[in-house]
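Worksheet: the structure to be examined is printed underneath.
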Amino acid sequence: MTEVKLHPDWLARIGGEFAQPYMAALKAFLAAERDKGKTIYPRPRDWFAALDATLPHDVRVVILGQDPYHGPGQAHGLCFSVQPGVRVPPSLVNIYKEMQSDLGIPRASHGYLKHWASQGVLLLNNCLTVEAGMAASHQKRGWETFTDAVVAAAAADPAPKVFILWGSHAQKKAANVAGLGAGSPHLILRAPHPSPLSAHNGFFGSRPFSQTNEFLAAQGRGTIDWALPEHPEAGAA
């Protein structure tokens, strides 16, 4: 964790998490895995890239993923996103299909979602690291507790937001976060995960993009431009 620095605005809200015992245990686990020669994605400087890309006062939408992509060159800290030049993963292909069906936006030729993050879409995974080639390998090591705190901090801000929860992991996570219950100022959108294994069980046709913009506009918070630039500029986020 010594390689990571968070923006002061996030530290003011969740900085106390770094002093908790679970974070010390997580740090020790990650160090031990690296000492064993295991490859961990993304690189340490990108573990908190979602928070770097979307500051607390800018958050209008929270999209929750499960864990980072576990293939080489894919994960860079924003859930579902890959750097320019990397093949678009199947789950993101399905997200693009739904976006085209929902809003008529043609599918992007790349998978770099920084354009969304820069507009206040917090692209947060449930776990922030994974072992190469081993999906879900860093679950129940402490990351879930940390990202619970991030979601709780976003929900505690009364400015209306949309929480897009795809899949059971995301939905169970939000169910236990204070501020997302009855009387909440936020909109919660639930659907199956966009993975090819589950997308046909209700993800397709769920219309998350138009529903998000309708809600944000009604709350005076503008809308998200979901169309991605054709030639994005790669970055560390």
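Side-chain atoms are counted along with the backbone in the values below, which use heavy atoms only and exclude waters and symmetry mates. Nothing here was measured: the structure is a model prediction, and the numbers come from that model. Counting begins at 1 with the first residue of the sequence.
- Residues S206 and L189 form no side-chain contact, since every pair of their non-hydrogen atoms from C-beta on lies 4.5 Å or further apart.
- Here S168 contributes atom OG and R190 contributes atom CZ; the two are 12.5 Å apart, rounded to the nearest 0.5 Å.
- The closest side-chain heavy-atom distance from H110 to Q83 is not below 4.5 Å.
- Residues C79 and L123 form a side-chain contact, since some pair of their non-hydrogen atoms from C-beta on lies under 4.5 Å apart.
- Heavy atoms only, all atoms of each residue included: R221 and H57 are closest at NH2-O, 4.3 Å.
- Here L103 contributes atom CG and S210 contributes atom OG; the two are 5.5 Å apart, rounded to the nearest 0.5 Å.
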Can you list, pair by pair, the side-chain donor-acceptor contacts under 3.5 Å of residues 61-74, counting residues two or more places apart and other chains?
residue	atom	partner	partner atom	Å
D67	OD2	A136	N	2.6
Y69	OH	F80	O	2.8
Q74	OE1	G71	N	3.0

query = Yes or no on side chain to side chain donor-acceptor pair (under 3.5 Å) for E131 and T39, after CA distance, side-chain angles and deciding distance?
reply = CA-CA 6 Å; E131 181 182 342; T39 299; over 6 Å; no

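- Residue pairs satisfying the side-chain hydrogen bond (donor to acceptor under 3.5 Å, both in side chains) criterion with at least one member in residues 11-23, sequence neighbours excluded, are listed as follows: E17-Y22.
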key: Full working for side chain to side chain donor-acceptor pair (under 3.5 Å) between T129 and W47   = CA-CA 7 Å; T129 60; W47 290 351; 5.6 Å; no

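- Using a 4.5 Å heavy-atom cutoff, the side chains of H7 and P56 are not in contact.
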request  = I would like to know whether E214 and R207 meet side-chain contact (heavy atoms from CB on, under 4.5 Å); could you show each step before the answer?
outcome  = CA-CA 11 Å; E214 288 165 6; R207 300 180 56 248; 3.7 Å; yes

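- In this structure, L128 and N125 approach most closely via the heavy-atom pair CD2-O, 3.4 Å.
- Under the 6.0 Å distance and 45° angle rule, R107 does not count as a cation-pi partner of Y96.
- L92 and L197 fall into different hydrophobic clusters, where Ile, Leu, Val, Met, Phe, Trp and Tyr are joined by side-chain heavy atoms under 4.5 Å apart, directly or via other members.
- Closest approach of H186 and F215 over heavy atoms only: C-CZ, 4.1 Å.
- Within the 3.5 Å criterion, the main-chain N or O of G205 finds a donor-acceptor partner in the side chain of E98.
- Using a distance-only test at 3.5 Å, with no hydrogens or angles considered, a donor-acceptor pair links the side chain of N213 to the main chain of I224.
- Side-chain atoms of Q119 come within 3.5 Å of backbone atoms of H115 as a donor-acceptor pair (strictly under, hydrogens ignored).
- To the nearest 0.5 angstrom, I164 atom CD1 is 11.5 Å from L122 atom CG.
- Taking CG of L55 as the reference point, atom CG of D9 lies at 6.0 Å (rounded to 0.5 Å).
- Contact between A53 and K114 at its shortest, heavy atoms only, is CB-CE, 4.0 Å.
- Pairing each heavy atom of H193 with each of F203, the nearest pair is O-CB, 4.1 Å.
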Give every donor-acceptor pair under 3.5 Å between a side-chain atom in residues 149-158 and any protein atom, sequence neighbours left out.
residue	atom	partner	partner atom	Å
D157	OD1	A159	N	3.2
D157	OD2	K161	NZ	3.4

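- Side-chain atoms of T54 come within 3.5 Å of backbone atoms of A117 as a donor-acceptor pair (strictly under, hydrogens ignored).
- Counting only heavy atoms from C-beta outward, the side chains of Y112 and H76 approach each other to under 4.5 Å.
- With sequence neighbours left out, the ring-ring contact (aromatic ring centres under 6.0 Å, His included) criterion links F209 to W226.
- Distance alone, capped at 3.5 Å, places no donor-acceptor pair between the R60 side chain and the V121 backbone.
- Ring centroid separation for the pair F48 and W143 comes in under the 6.0 Å cut-off.
- Residues satisfying the salt bridge (Lys or Arg N to Asp or Glu O under 4.0 Å) test with K36, not counting sequence neighbours, are E33.
- Of the possible donor and acceptor atoms, one in the side chain of E144 sits under 3.5 Å from a partner among the backbone N and O of K140.
- Hydrophobic clustering (side-chain heavy atoms under 4.5 Å, transitive across Ile, Leu, Val, Met, Phe, Trp, Tyr) keeps M134 apart from L26.
- V130 belongs to a hydrophobic cluster whose other members, connected by ILVMFWY side-chain contacts under 4.5 Å either directly or through intermediates, are Y41.
- A 4.5 Å side-chain heavy-atom check between F29 and H138 finds at least one atom pair inside the cut-off.
- The residue from P89, S198, P196 that alone fulfils the side-chain contact (heavy atoms from CB on, under 4.5 Å) condition with N94 is P196.
- Judged by distance alone, the side chain of S81 and the main-chain N or O of L78 form no donor-acceptor pair under 3.5 Å.
- Contact detail for W10 and L51: the closest heavy-atom pair is NE1-O, 2.9 Å.
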